[in-house]
Amino acid sequence: MTNASLISRIAPPGRRAPLLAAGAATVTVGLWASAFVAIRSAGAAYSPGALALGRLLAGALVLGVVCVVRGEGLPPRGAWRGIAISGLLWFGFYMVALNWGEQQVDAGTAALVVNIGPILIALLGARLLGDAMPPRLLAGMAVSFAGAVAVGLSMSGGGGSSVLGVVLCLLAAVAYAAGVVAQKPALGHASSLQVTTFGCLIGAVVCLPFAGRLVHDAAAAPLGATLDMVYLGVFPTALAFTTWGYALARTSASRMGATTYAVPALVVLMSWLVLDEVPGPLTLAGGALCLAGVAVSRSRPRRSPASGSGSASVSSGVAGASVADAVAGPVTVSAAAPAPDPTASAAASAGAGTPSGLGGPEPATAGETGSRAEQA
């Protein structure tokens, strides 16, 4: 028996799926945090619209190649509405509005306004998708939001904030929330790769009016800024949005939105390691609050011992049987059968003269086997 088959028998798919979804969400958050570091370099040489178009073109190119290699076709008809809305609002409008808005406001104001996005996702998800809003989720989001604001204020350069910048950041947050909520139903009809690829293509089409500006900026931009723009398209867009879709298809939009509150904390860490920006006490405290809020929002309440004792016993028995099956191989019914009863043996001997339909005693059904195991 190979290691893969052994793992597949010991860890059933129902247990592996949450771990894979959590890993995909972790990859997404890490790459989106790295995007803020890359935008600092690329944003100095490219205008907001040109940067968004260049990023989306690079991402669409990579995703298109992957789709061709994997033989992915067009998404089903039921997925196109969500793909179109998320491509228009999230891939297209959001990226331009956020790039433009962050040039008009200081970091503290941007953090305060943009980070209402996960809160809007929770509200829209509850209204349109029927997502639950447990107290732990709301409390965790409140803690993370406070941490995100603290990080933004601590890293602010003290610049002014224009009304236009605040409005752009607010519109970006609304577009982000609406795009996520629209994308969730589409993932029930199409794969994450399909949803991300065609959403990115639609976003690139929306940003085509900035093509002339992109050509102009690329001619004068340093090589480092252009490479940063390509990086934004390949990793924080193509890869991160695909892993995001994979995780979103397996959890609620509200929980995924709350997970993105880990981004500010990771931005602080990456800025420290890559840009030598040593964080102050307020920055570190804000980052810790972001991570603590994410942990609270994704935690689940423990079951009371009275209500969970019966199910725990059954689960432990099933788990033990699974491990035994994986190590020792299939177990026959006779090995698990109880000791023979003399009375039952006599009755069986008396009725042996009546053959069954196949010329012998009928085998025990699955329900009868389970009953005997319970009696034992």
Side-chain angles (χ1 to χ4, degrees), residues 24-70 72 75 83-84 86-103 114 172 175-176 179-180 183 191-248 260 263 266-267 270 274:
T26 302
V27 171
T28 299
V29 169
L31 290 176
W32 282 354
S34 71
F36 285 89
V37 179
I39 286 174
R40 293 193 184 187
S41 172
Y46 287 90
S47 63
L51 179 58
L53 177 59
R55 174 179 178 177
L56 290 170
L57 288 176
L61 177 62
V62 172
L63 290 167
V65 172
V66 174
C67 282
V68 171
V69 172
R70 290 178 55 89
E72 296 275 354
I83 292 175
S86 63
L88 174 65
L89 296 179
W90 193 6
F91 287 88
F93 181 82
Y94 166 80
M95 290 191 181
V96 177
L98 182 62
N99 292 342
W100 189 6
E102 287 189 345
Q103 293 182 356
V114 173
Y176 159 54
V180 171
Q183 190 185 60
S191 67
S192 174
L193 180 59
Q194 290 174 318
V195 172
T196 304
T197 300
F198 289 94
C200 189
L201 283 172
I202 292 173
V205 171
V206 172
C207 295
L208 279 179
F210 302 103
R213 184 66 181 181
L214 174 61
V215 173
H216 177 271
D217 291 348
L223 178 60
T226 302
L227 292 177
D228 284 333
M229 181 179 66
V230 174
Y231 169 83
L232 289 170
V234 175
F235 293 98
T237 301
L239 178 56
F241 273 85
T242 303
T243 53
W244 163 273
Y246 178 89
L248 180 61
T260 61
V263 170
L266 295 179
V267 170
M270 292 181 181
V274 178

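Residues D228 and A42 come closest through the heavy atom pair CB-CB, 4.0 Å. The minimum heavy-atom distance between Y46 and L51, with the atom names listed, is CB-CB, 4.0 Å. When all heavy atoms of V96 and C207 are compared, the closest pair comes out as CG2-SG, 3.8 Å. Between L201 and A60, the shortest heavy-atom contact is CD2-CB, 3.7 Å. The heavy-atom pair separating A45 from P222 by the smallest distance is CB-CD, 3.9 Å. Scanning all heavy atoms of the two residues, the minimum distance from L56 to C200 falls at O-SG, 3.4 Å.
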- request: Using the side-chain contact (heavy atoms from CB on, under 4.5 Å) rule, take L232 and M95 through it: C-alpha gap first, then chi angles, then the decisive distance, then the call.
  value: CA-CA 11 Å; L232 289 170; M95 290 191 181; over 6 Å; no
I would like to know whether L239 and V234 meet side-chain contact (heavy atoms from CB on, under 4.5 Å); could you show each step before the answer? CA-CA 7 Å; L239 178 56; V234 175; over 6 Å; no
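Between S47 and D217, some side-chain heavy-atom pair lies under the 4.5 Å cut-off. T197 places none of its side-chain heavy atoms less than 4.5 Å from the side chain of E72. With a 4.5 Å cut-off on side-chain heavy atoms, I202 and F91 do not count as touching. When side chains are defined from C-beta on, F198 counts as touching P75, because their heavy atoms get closer than 4.5 Å. Proximity of I39 to R55: side-chain heavy atoms (C-beta onward) are separated by under 4.5 Å at one or more points. At least one side-chain heavy atom of Y231 sits under 4.5 Å from a side-chain heavy atom of S34.
In this structure, Y176 and W244 have tilted ring planes: the angle between them lies in the 30° to 60° band.
A donor-acceptor contact shorter than 3.5 Å is absent between the side chain of T242 and the backbone of L193. Judged by distance alone, the side chain of S86 and the main-chain N or O of I83 form a donor-acceptor pair under 3.5 Å.
Aromatic rings of W32 and F241 (six-membered ring for Trp) have centroids within the 6.0 Å cut-off, being under it.
Looking at Y246 and S191, their side chains never bring a donor and an acceptor atom within 3.5 Å of each other. Checked by atom type, the side-chain pair T28/T243 shows a donor-acceptor distance below 3.5 Å.
For Y94, there are no side chain to side chain donor-acceptor pair (under 3.5 Å) partners at least two apart in sequence or on another chain. Residues passing the ring pair (Phe, Tyr, Trp, His ring centres under 6.0 Å) test with F93, sequence neighbours excluded: none.
Tested against F235 for a side chain to side chain contact (heavy atoms under 4.5 Å, CB included), the candidates V62, L31, V230 yield a single pass: L31.
Note that CE of M229 and CG of L53 are 8.5 Å apart. Values are rounded to the nearest 0.5 Å.
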